[in-house]
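Residues take their numbers from the sequence shown, with the count starting at 1. This is a predicted model, so every value here is computed, not measured.
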Amino acid sequence: MQNINLRPSLIFLTLGMFWFGSCTKEEPLDASRVKPLSIKSTYTGTSYPVYVVLPSDYQPGIKYATIYVLDGDDESGGSKVYDLVGKMSQEISVKYQKQNGIIVAIGSTEDRIRDYAPTILKQFGNQGGGTENYAKFLQHELIPRIEEEFSVDTSASKRTISGHSLGGSVSGYMFAKHHDVFSNYLMLSPAYWWDDGIGLKYELENRSSNALKKCLVYVGCGEFEEGIAILAEEWYLRMKKYYPNCTTSFYKVPNTGHISSASEDLERALDFYYQHQ
């Protein structure tokens, strides 16, 4: 694994997503579509705020696909991430004449680095190392709760996970180590630089058991992200080479960095998802 300069990424570890203040989708999301929950995990010991955004035409008799969004309650410019994703999902599903999905936006907490970073690193204050427990929270606590309380399709093929930065690398972690939970992965500026690219090592270690997996994988980043862009493209190239049943896409948002790329990157990721449903 080549050496990647980590210092430019330090500032992004605790920012969450905080990135869509310039979004032009100004119409507010209908508040009646947002169902807030709180879930205390026995695996992590943390209580997570969760915001479920229902399609505008939600009907309990229909089984909906689900899109799980990390850092889902971050805020910028007076809007929430779940608000942005809900509006984008509605518009893009109409564009492709597809059924809109249910957005499950998971709030990040002060334990974000512990949850999203797979190993403990001394240079980051001995933070990290909790991603396996967070994965168990997703699989055994959050998903069953959502599938019990809402009318959703319970097959893995109808579940999507999306994240930005460290959240993006959680999507990769689920792909590599918990491949039967989700089938669609939207990775925005994934932080594969963590611990000298350990996320890419997880992919290699589990490749033989995952090689025939059928899935959608979108990987995106900003043009100016340097080390992040190199490793994001490496992930994409591995998907193309070693996973014949995966439909993949990679995009660099022109003239943008880690934060400024995220809104357009998210829109492209959702467009890719609905185009291939």
side-chain contact (heavy atoms from CB on, under 4.5 Å) assessment of Val34 paired with Tyr82: CA-CA 9 Å; Val34 181; Tyr82 62 76; 3.9 Å; yes
Assess whether side-chain contact (heavy atoms from CB on, under 4.5 Å) is satisfied between Val85 and Val53, documenting all intermediate values. CA-CA 9 Å; Val85 179; Val53 181; over 6 Å; no
In sequence, state the C-alpha distance, the side-chain angles, and the governing distance for Glu147 and Thr154, and then conclude on side chain to side chain donor-acceptor pair (under 3.5 Å). CA-CA 7 Å; Glu147 295 183 349; Thr154 61; 4.9 Å; no
Applying side-chain contact (heavy atoms from CB on, under 4.5 Å), run through Asp115 and Leu70 and close with a yes or a no. CA-CA 11 Å; Asp115 290 342; Leu70 306 186; over 6 Å; no
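Using a 30° and 60° split on the angle between ring planes, Phe182 and Tyr185 fall in the perpendicular class, above 60°. Ring geometry for Phe250 versus Tyr236: interplanar angle under 30°, hence parallel rather than tilted (30 to 60°).
For an aromatic pair to be called close, the ring centres must be under 6.0 Å apart, and Phe137 with Tyr48 satisfies this. Two rings, from Tyr273 and Tyr218, have their centers 6.0 Å or more apart.
Between the side chains of Asn100 and Tyr274, at least one donor N or O lies within less than 3.5 Å of an accepting N or O. Residues Asp271 and Tyr96 bring a donor and an acceptor atom of their side chains to less than 3.5 Å of each other. Side chain to side chain, Glu226 and His258 fail the donor-acceptor criterion of an N or O pair below 3.5 Å.
Look at Arg238 and Glu234 and you find a salt bridge, because one of the NZ, NE, NH1 or NH2 atoms lies within 4.0 Å of a carboxylate O, short of that distance. Here Glu203 pairs with Arg207 in a salt bridge; the nearest charged N to carboxylate O distance falls below 4.0 Å. Taking a cutoff of 4.0 Å between a charged side-chain nitrogen and a carboxylate oxygen, Arg114 and Asp111 qualify as a salt bridge. The pair Glu141-Arg145 fails the salt-bridge criterion, with no side-chain N (NZ, NE, NH1 or NH2) lying under 4.0 Å from an Asp/Glu carboxylate O.
Between Lys201 atom NZ and Asn206 atom CG the span is 14.0 Å, to the nearest 0.5 Å.
Proximity of Ile102 to Leu54: side-chain heavy atoms (C-beta onward) are separated by under 4.5 Å at one or more points. Residues Leu266 and His164 form no side-chain contact, since every pair of their non-hydrogen atoms from C-beta on lies 4.5 Å or further apart. Between Lys177 and Glu132, some side-chain heavy-atom pair lies under the 4.5 Å cut-off.
For residues 50-63, the set of pairs meeting the side-chain hydrogen bond (donor to acceptor under 3.5 Å, both in side chains) definition, not counting sequence neighbours, comprises Ser56-Gln90.
With Phe175 as the fixed residue, the ring pair (Phe, Tyr, Trp, His ring centres under 6.0 Å) test singles out one of Tyr202, Tyr192, Tyr243: Tyr243.
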